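Notes follow the structure.
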Amino acid sequence: MTPKQNPAGNPTAVREDLRNIAIIAHVDHGKTTLVDAMLWQSGVFRENQEVAERVMDSNDLEREKGITILAKNTAIRFGDMKINVVDTPGHADFGGEVERTLKMVDGVLLLVDASEGPLPQTRFVLKKALELGLQPIVVINKIDRKDARPQEVLNEVYDLFIDLDAHEDQLDFPVLWTIAREGVCRTTADGENQRLLPLFEAIVESIPAPKYDAAMPLQMLILNLDYSDYVGRLAIGRIINGNLAPRQEVALIRRDGTMVKTRVTNLYAFEGLERVEVQTAGPGDIVALAGFEEVHIGETVTDAEDPRALPAVTVDEPTVSMVFSVNTSPLAGTEGKYVTSRNLKDRLEREILTNVSLKVEQGETPDQFTVSGRGELQMAILIEMMRREGFELAVSKPEVITHTENGRKMEPMEHLVVYCPEEFVGVVTQKIGGRKGRMTNMVNHGTGRVRLEFRIPSRGLIGFRSQFLTDTRGTGLLNHLFDGYEPWMGDIPHRTTGALVSDRSGTATPYSIEHVQDRGEIFIEPNEKVYEGMIIGENAREQDMDVNVVKEKKLTNMRSVGEEAVRLLPVHRMSLEQALEWIRDDELLEVTPQSLRLRKRVLAANMRPRYWQKQGE
């Protein structure tokens, strides 16, 4: 039987006891903190229950970095009404998560910082929401900040809506003012503090109830995947039409149009932070199903007798690629559990099942894989997750993905927004200018901090963040968002310094490091194992320099009164993101569960000129 391609019929019936809403905002504007307050005030937790702060950020990496990486859903009760809430990531690199989850909901809570106002990711997520025709509620958060400017920010939000061609109905949105950390809400900017009751009321009144066509068979779009140790793979999505029950026979329509029949073994709905087994679910419900051996995001669960496919999920194209390869260094296999190309291939294939914005292709050799994604941070998070799982791998420098249009080479551009103190405007503008960035806007609110906007090639941002933080002494904020393609802008200088490269294998000694540290900055500690071709520091000059860091001091019977102890300078330890930004085309980053090592692509010093000769050809 061939499934009919049918959107969702003509929605006529309405479910008044349910609301589906996503919380969208720029990174660090308080989405997860607001969900915490909503959960507490809707009675999900007991008064004396111990609950971690930002309870929705359940992943270790999310807690460490203080950002949301994976979209997650929860449900709260407000009177007789059930409100499904989806917490989404605010970082541009995880935009694929946002695009997907917006398909589950009927409205959005747009959160904006009362001081920073709408930022690039605010624009991106709002644009996606308005295109899907979702109804917004605007929440201006952090109104207790000293530099808060609530009324100006509201005007900026209106400008943003108009700029994004919002429909008249979408422009008529309610506005609430909150301090999410304290769980309070105001109906006017200088009104009195209340609990979140006005917010819950606004959700019930302004967000449309789920609509469905009573004459249509079962249709459910799979938008997320999870795994349970007890029932196996779980498919999470929203029921568009029809009803579902455990042990029901259903058809799964794949993205290529093929169809498989299966039976739903378990059906779960969301209540608070728990998944609760239910006996039936209807249109508008966000549910998790078990019973599928193989299921992917974007597929449709439908009636076995009358299968109707829903339109698949479309996600923006990736802009950055990196080569993941097997670790081939002399120290390979000494620290990790999974070291073979088969392990690496299986793990990357498992990742793309749940992460729709990533693409994985076979590289030039069987032990290389080209991974394409939205940005450096997304790649760094994937590498860090693999590292914690026990993988060893080597990764190359991130490169932008170009394409050809009418015979011209086109490269991705970024809309860059910088916040920094006034005294650093000159140095920031100068550095961005050298990376082919053009200033498009400059706003000074008189608070001592300036907002600068640029249009810059994506290449220009690789390796810029760490330099920017150094230039602004850690006080600058940097945000960027994909902004179309432009013709190739020519070469952009990357690193102006060379590398200090170990010329032999062994154990680094304090005596030899002391003699090398005058040449530049050192990355390794004494007694660390090194090998030929491993980068042990940064040369102050442009050329690479081969050095011996394993040489020991010759012992003699002679002693002198003035003999001095070894004096070593502090070591510069790079984070994963900094190391990815630092490496050049002829270098790799070796990642193991315990170490991050920088190395030359070609380890033997006498073979490296041949590598450059080949690149030149």
Side-chain angles (χ1 to χ4, degrees), residues 1-22 71 73 75 81-86 88 97-108 128-129 131-135 207-226 234-246 248-255 257 259-264 267-270 278-292 295-315 356:
M1 189 189 297
T2 329
K4 298 171 197 161
Q5 185 71 33
N6 189 313
N10 298 310
T12 49
V14 176
R15 270 195 71 178
E16 286 296 350
D17 62 334
L18 186 65
R19 296 290 183 274
N20 293 321
I21 189 163
N73 34 311
M81 185 77 62
K82 180 178 180 180
I83 303 171
N84 283 313
V85 181
V86 185
T88 63
E97 291 279 319
V98 183
E99 290 165 50
R100 238 178 36 213
T101 47
L102 289 179
K103 293 254 186 182
M104 283 194 206
V105 297
D106 303 296
V108 291
K128 296 287 178 193
E131 281 171 2
L132 289 168
L134 302 177
Q135 197 62 34
I207 302 299
K211 294 188 176 71
Y212 64 98
D213 187 345
M216 290 288 285
L218 168 68
Q219 287 181 303
M220 171 181 160
L221 191 61
I222 293 167
L223 295 162
N224 214 340
L225 298 176
D226 204 347
L234 292 170
I236 300 169
R238 172 179 167 164
I239 301 174
I240 307 293
N241 290 310
N243 292 289
L244 251 178
Q248 183 175 330
E249 186 98 1
V250 294
L252 183 68
I253 301 173
R254 304 215 180 277
R255 280 184 286 194
M259 192 174 79
V260 288
K261 288 193 179 181
T262 186
R263 189 182 293 275
V264 176
L267 179 64
Y268 300 94
F270 293 88
V278 291
Q279 293 310 307
T280 181
D285 280 325
I286 295 175
V287 293
L289 315 177
F292 302 105
V295 61
H296 303 103
I297 286 167
E299 295 176 348
T300 305
V301 174
T302 183
D303 193 291
E305 302 305 316
D306 184 9
R308 310 271 182 112
L310 288 163
V313 184
T314 54
V315 173
V356 286

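Here the structure is a predicted model, which means the values were calculated and not measured.
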Quick one: does [X]'s side chain have a donor or acceptor within less than 3.5 Å of a partner on [Y]'s backbone?
{"X": "T302", "Y": "L218", "answer": "yes"}
{"X": "N243", "Y": "T280", "answer": "no"}
{"X": "T262", "Y": "L252", "answer": "no"}
{"X": "K103", "Y": "G237", "answer": "no"}

Over all atoms of both residues, closest heavy-atom pair of [X] and [Y]:
{"X": "A235", "Y": "M220", "result": "O-CE, 4.1 Å"}
{"X": "N20", "Y": "P210", "result": "ND2-CG, 4.0 Å"}
{"X": "N84", "Y": "A75", "result": "OD1-CB, 3.5 Å"}
{"X": "L234", "Y": "Y268", "result": "CD2-CE1, 4.0 Å"}
{"X": "P283", "Y": "I240", "result": "CB-O, 3.7 Å"}
{"X": "E16", "Y": "A209", "result": "OE1-CB, 3.9 Å"}

Does any part of the side chain of [Y], heavy atoms only, come nearer than 4.5 Å to the side chain of [X], both counted from C-beta?
{"X": "N241", "Y": "R308", "value": "no"}
{"X": "L267", "Y": "Q248", "value": "no"}
{"X": "I236", "Y": "L223", "value": "no"}

Fill in: Pairing residues for D106 by the side-chain hydrogen bond (donor to acceptor under 3.5 Å, both in side chains) criterion, not counting sequence neighbours
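Listed in chain order: R238.
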Fill in: D17: partners by side-chain hydrogen bond (donor to acceptor under 3.5 Å, both in side chains), with sequence neighbours left out
R15
Worksheet item: Just one of V105, L102, I21 clears the side chain to side chain contact (heavy atoms under 4.5 Å, CB included) bar with V86, so which one?
Response: V105
Practice prompt. Any pair with a residue in residues 295-304 that passes salt bridge (charged side-chain N to carboxylate O under 4.0 Å, His left out), sequence neighbours left out, goes on the list, sorted by first then second residue, please.
Written response: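 Salt bridge (charged side-chain N to carboxylate O under 4.0 Å, His left out) check on residues 295-304 returns R254-E299.
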